[in-house]
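Below, chains carry the letters A, B, ... as their sequence lines are ordered, and counting in each starts from 1.
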Amino acid sequence: MIHDRVGRVLGSEHTTTAEFRVVLEEEEYLQLDDLIVVRTEVPKVGEVRTYGVITEAEAVYEGAQYESDTHRIAELGIMPAAKVRTARVAVTRVDPEVWVSADPGEEVARATGEERRKALYADEMERPLPIGLGRDGAPVHVDLDFFDGRKGGHMSISGISGVATKTSFALFFLRMLTSVPDVVGSGAANLRVLVFNVKGEDLLWLDRSNRLFDAHEGAREAWSALGVDPAPFPSVRFWAPPRRQSGDVVVPDTGGRFDGVQVFSWTPRAFIEQDLLEFCFTDASDAKNQIPFIRERVQLQLKRWAVGVDGMPGAVALRDPSQAPDGHGWSRDDRVPAAQADVVIADLPSMVRALEIHLEPDDGSEADPAWTARVMPGTIAAFLRRLHAASARLGHLVRADADRRIDRGAANVTVVAIQSLHEQAQRFVVGALLRETFKEKEDTGQRLPLSVIVLDELNKYAPRDGTGPLKDMLIDIAQRGRSLGVLLVGAQQTASRVAPEVLENAAIRVTGRLDSAEAERAEYGWMLPSTRSRARLLKPGTMVVSQPAIPVPLVVTFPFPPWATRKEEVADAGDDPFAGLT
Amino acid sequence: MARIFVEGWSPEYGAPLDPDEALAPAEGSVDTSVETEDWIPRDGVDDGVPRIAFVDGVRRVDARLTLDDPSGPVAGICGTFAVGAAVWDREACRSSIAHERIGRWAVLAGGRSEIFPVVALEPPYDTTTTPDTDPAGLIRTLHTKMRTAEGHVATAAATDSFVIADGPLNELAPVPAVGSIKSHRVTYLPPERNTVVAALGPRQRTPLFTISEYRRYSWYVRLADVRGGHAWSGIVRCEASGQLPAAEVIRLADRTAAVLPLVASESHLDPRAPQNLVPIAALERQLRHRMGEPGLVYRALREAVHERMAS
């Protein structure tokens, strides 16, 4: 007799190794996501423990034949019947691993303590990272080995927008990741996280305390159950693009916060050296025609022809490399006087002007085939037209006046605010930073320190259909990033609109509330049918988590954040004497 | 020791018999003046009795037996019955099953005193015998065992409940128990009194009459108006022990007229509506279930008989 028995294995239908049902005791209950254990005596093996999670709870009047019998039983009481409550169990584990079904009639008990850990495989996880709280208020873990690239990598988060679940969960996860150095292990201190703020200014307050935190009942207890001090992110840097038309004064293009936000931009030289022209052509239609041919040729030519300009550190001029001192190529240190340059490239419009000289000569003569890759004149025109458009949309991100490279090494978490940018400019920034991050790791070949990239609206950057440099790079990161320590935390409203190569490589999958039609798609095949039907009803703060170490998806909750997510939530300095000192 | 065989053919074969027919009192000396000479329909009175126990039993022939005797084959049956009560707690608006009992009997014809082998069933088979040799007699013996058990249940339930039994009363102890009879094969009343039965409205009863030979009080109750039914559809006949004082029986009769219509069944759910009472139908379902799966019982029987032959 087990003292915490809640019921017995139902014997009127077959039990299987995947599923069985429990008939509950009169005074007990089981709710969804509760964890249970059954001990079965197996001949020649001995005791086998079957662990499971409740996926459905049911009740019926046994003896009622017709629906109207319900009145006779419950209201009039003239019909004898027994109320029978049952719960459906999805098996998570059999220990020892002898795959037999639980015996009918066996006692079912709640899994607590060590048995709870076993039910959730926490005993087998070498590096268990809390990823939320179970229904019982105790932490549920993921095996970090499946995130940081040792056995698997990447995380995919889905869920409808509006309930702010995806970003909140991603940040919660980051907070956990940056707070448990003993689990993350070597390189924890150097962990680098790159987060893009794509909507609102939700992420620009990560370093400030949330004044609503204490009003949230249970939030403090939940954080302490997770073993993390409820505090804002200690090490964050914020970056924003320069505001347009602000003249020589460079101020960040943000609405609510200016202090502590640094402006980022690329110099024309960096633009050329990092092949950023590629990310000016990220629209699906840009991959058609022969535009990629001419774009690649122009990138190549720009690299060969670009030479520094005296007295203007970031600017370049275009000069034939045969005029270089050594006769065949410009070195980084070569400078030409500004007066000698046809056009001093100090920003994107001037670069377009410089390119026009080579691609569409004023005198009407034929353009130099070394620049045009012999594409049709119409293609050249289309290329320049797109370049003009790009220059208008993201021209302000390229400035020669100072080096405003985003220093991802300055803090654990780097937030790049791109919400104010045109979509094309957003893709440009994301592309440029992902390339930089990935290339850096490729060059070192070291997995550590880990580099985590959080990208919402992944469907914009790696759509299911079409091709583009950004999508190619995200697929590359998804496929190779794991071994290089570049880990993608991708979020999207609908996983069905994201390139499958990116999704499939995510070892850890998470969803919040889903649209009911979306929940039926194959992309969510990892959820149990019962979990799918619940996904429509999940509240903010509740997520379904699937990880390779546990064969069934688990429902977890994560607590209210101690950092502000809106300007209105920021605690006054009076509330928190340490605000702003981080 | 003679050898016993379990026959292969269906146990219920050739037994379309309702032994209650034999138990039902035949026409006797009926006295219609016991309550009143004023024979008009009387309204039921619900005195709010807190607990009503509906008592019933079901039985089944599990197998037919043949005793291989030098003097010729001797017939027998194995049968199971289940009895119990559905107790309606009217204050709590809840019904529950109580006093369940299962009995298993091997009945041998011709007064044979063989002991049936032990069968791996709970409860096991008891052996009994009957001087009859016809198959109907065997079933009647089983039926009587069941009726006796029903009587015990009724007596036990009567200690804290008002008992309504399905069918005629078997044990006519002076307890507040009423038998409710669904079919009307025998008419007890003189023709002019029968018109009163036809005139009954729902929740009304006839005045009491006595059937002296059987020492019972009896009365008719209309449970419901049956659409498209004849004058006697929706009528049940009730009876109570003749040992009870008349005043007590009048109270019981008033009560049944008021209470039975509350538990009458609906015609779209039960072909025997409204006479087949809802608690009785549910109780019978439960009791049938408790007798055990017939296929398994039959298999256990064959195994037991086979083992004895082998030993």
Short question: side chain of B/W88, backbone of A/P80 - any donor-acceptor pair under 3.5 Å? no
Closest heavy-atom pair, B/S95 versus A/I78, reported as atoms and distance to 0.1 Å, is OG-C, 3.3 Å
Turns out that what part of B/L277 lies under 4.5 Å from chain A's heavy atoms comes down to neither
Atom NE2 of residue position B/H268 - does it have more than 12 heavy atoms of other residues, nucleotides or ligands inside 6.0 Å? yes
Supply the atom-to-atom distance B/S265 OG to A/M79 CE, rounded to the nearest 0.5 angstrom. 10.0 Å
Can you establish whether the number of heavy atoms outside A/E62 located under 6.0 Å from its atom CD is more than 12? no
What do the steps show when you test B/E266 against A/R72 for side-chain contact (heavy atoms from CB on, under 4.5 Å), and what is the final call? CA-CA 11 Å; B/E266 311 273 345; A/R72 292 181 194 93; 3.3 Å; yes
Quick check on A/E47: does its CD atom have over 12 non-hydrogen neighbours (other residues, nucleotides or ligands) under 6.0 Å away? yes
Atom CD of A/E217: over 12 foreign heavy atoms under 6.0 Å: no
Polar side-chain atom of B/R285 near backbone of A/G63 as donor-acceptor pair, under 3.5 Å: yes
If you count heavy atoms of other groups shown closer than 6.0 angstrom to CD of A/E13, is the number above 12? yes
Can you tell me how far CD of A/E67 sits from CG of B/L269, rounded to the nearest 0.5 angstrom? 10.5 Å
Neighbour count above 12 (heavy atom, 6.0 Å) for B/R290 CZ: no
With only heavy atoms counted, which part of A/A82 is less than 4.5 Å from chain B, the side chain, the backbone, both or neither? neither
